[in-house]
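As the structure is a computational prediction, the values presented were derived from the model and not from experiment. Proteins come first, then strands; the chains are lettered A, B, ... in the order of their sequence lines, and each starts at number 1.
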Amino acid sequence: MAIENSKETGLGYRQKARVLGLLLVLLRLAALLATATATVVMALNKQTKRETVAYVGTTPIVQTFTAKFQHTPAFVYFVGANAVASLYSLMVLLLRPFMKRKSHEIFQHLGGMVMVSVVASGAAAAAAMAELGKKGNLHARWNPICDRFDAFCCRGGVALIASFIGAALLMILNAVSTITLLKNVAIQD
Amino acid sequence: MAKASRACVFLLRLLAAAATLSAAVVMATSHESTTVFGLTLDAKFQYTPSFKFFVIANAIGCGYTLLVLLVPPTSSLSTFVVMLDVIIAMLLTAAIAAAGAISEVGKKGNSHSGWLPICGQIPKFCDHVMGALICAFCGVVIYLLILLHTIHTVIGPLLP
């Protein structure tokens, strides 16, 4: 879909629109990768430690401590939010050839807005819990756990960074969609 | 028709400013002290970075909403305003999420990490924080209405 009634010479309006369309697809793909990475890394986040808690004579009593992402509701929500956002991006990419009408663009804009909020809230909740796990809270007598489960914290941090990048990319995509809709410019395939 | 929709948006923004301001104020005035076994246990919002972020985010949201009321509706700034609206709504949602995550741990604890719930000892602080969260949630819902209204009025007429 290109604007029919403008005739330009030079680098060509169609080519510019095509390059812009390709850039949008790349951005959407990057957002999909970022949110999918966040989902997968957090969903596979588990660390088990065996520690000696006591001695009976000379035999040590070993207890297993696990840190899983399911233990914290904020991380469960994080995984769900990023999964939904990556599925949405995937759907938008796959259905791109079929959604060319203006009303479809508005649905896409609304969906993008919702996804921005969802991913941002998931990342914020997980970041709050991660900060609590890393520094603890002296006043509430909550001890930090990252000194004992460092791999768990590391992987959680990677997932968080990926989710923040995904949120930023989704925000850029939403801004581009806003400008596109407001200026009534169509991006060519 | 255009005047009615403009008045509608004005009213919605005033409500959003009021909601975010009350959320920030309610959270900022939440503190409680109790004595447990001779030890003084006090709870203030400054002790938790998430609650500080909550207060700052809602203050930014309130300030932005009041500023936007001064922007004339059909100028080059209005595109910018639409985009900033989404960003501010995202900020407010994130603030609620962060404060909500910490409140959930405070209320129910986390047995796996050895974190005991503290709402039993400081019930008024917990109620205060819950009130702030409800106010912020109202603010986010009103922002959602503002965004939907913007899409309807600005982009609706451009539909073929």
Evaluate Arg148(A) against Phe65(A) for side chain to side chain contact (heavy atoms under 4.5 Å, CB included), listing each step before the verdict. CA-CA 10 Å; Arg148(A) 295 174 61 199; Phe65(A) 296 100; 3.8 Å; yes
Which is it for His31(B) and Asp42(B) under the side chain to side chain contact (heavy atoms under 4.5 Å, CB included) test, yes or no, and what are the steps along the way? CA-CA 7 Å; His31(B) 57 86; Asp42(B) 62 339; over 6 Å; no
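Contact tally against chain B (heavy-atom pairs below 4.5 Å) for Ala123(A), Pro73(A), Ala67(A), Pro144(A): the top residue is Pro73(A). Contact tally against chain A (heavy-atom pairs below 4.5 Å) for Leu92(B), Thr93(B), Ile96(B), Thr48(B): the top residue is Thr93(B). Chosen from Val119(A), Ile145(A), Val116(A), Leu132(A), the residue pairing most often with chain B at heavy-atom distances under 4.5 Å is Leu132(A). Among the candidates Ala98(B), Ala94(B), Ala95(B), the residue making the largest number of heavy-atom pairs closer than 4.5 Å to chain A is Ala98(B).
The environment of Lys107(B) atom NZ is sparse: at most 12 non-hydrogen atoms of other residues, nucleotides or ligands sit within 6.0 angstrom.
For Ser113(B), the parts lying near chain A are the backbone and the side chain together; criterion is any non-hydrogen pair under 4.5 Å. In this structure, chain B has heavy atoms under 4.5 Å from both the backbone and the side chain of Ala140(A).
Judged by distance alone, with hydrogens and angles left aside, the side-chain atoms of Ser89(A) form no donor-acceptor pair with the main-chain N or O of Ser86(A) at under 3.5 Å. No side-chain donor-acceptor contact under 3.5 Å links Tyr77(A) to the backbone of Ala97(B). Side-chain atoms of Ser103(B) come within 3.5 Å of backbone atoms of Ala99(B) as a donor-acceptor pair (strictly under, hydrogens ignored).
Applying the ring-ring contact (aromatic ring centres under 6.0 Å, His included) rule to Tyr47(B) yields the partners His139(A); only residues at least two apart in sequence or on another chain are considered.
Using cut-offs of 30° and 60° for the angle between ring planes, the His71(A) and His112(B) rings count as parallel.
Taking 4.5 Å as the heavy-atom cut-off, the residues of residues 132-149 of chain B that approach chain A are Leu147(B), Leu148(B), ordered by number.
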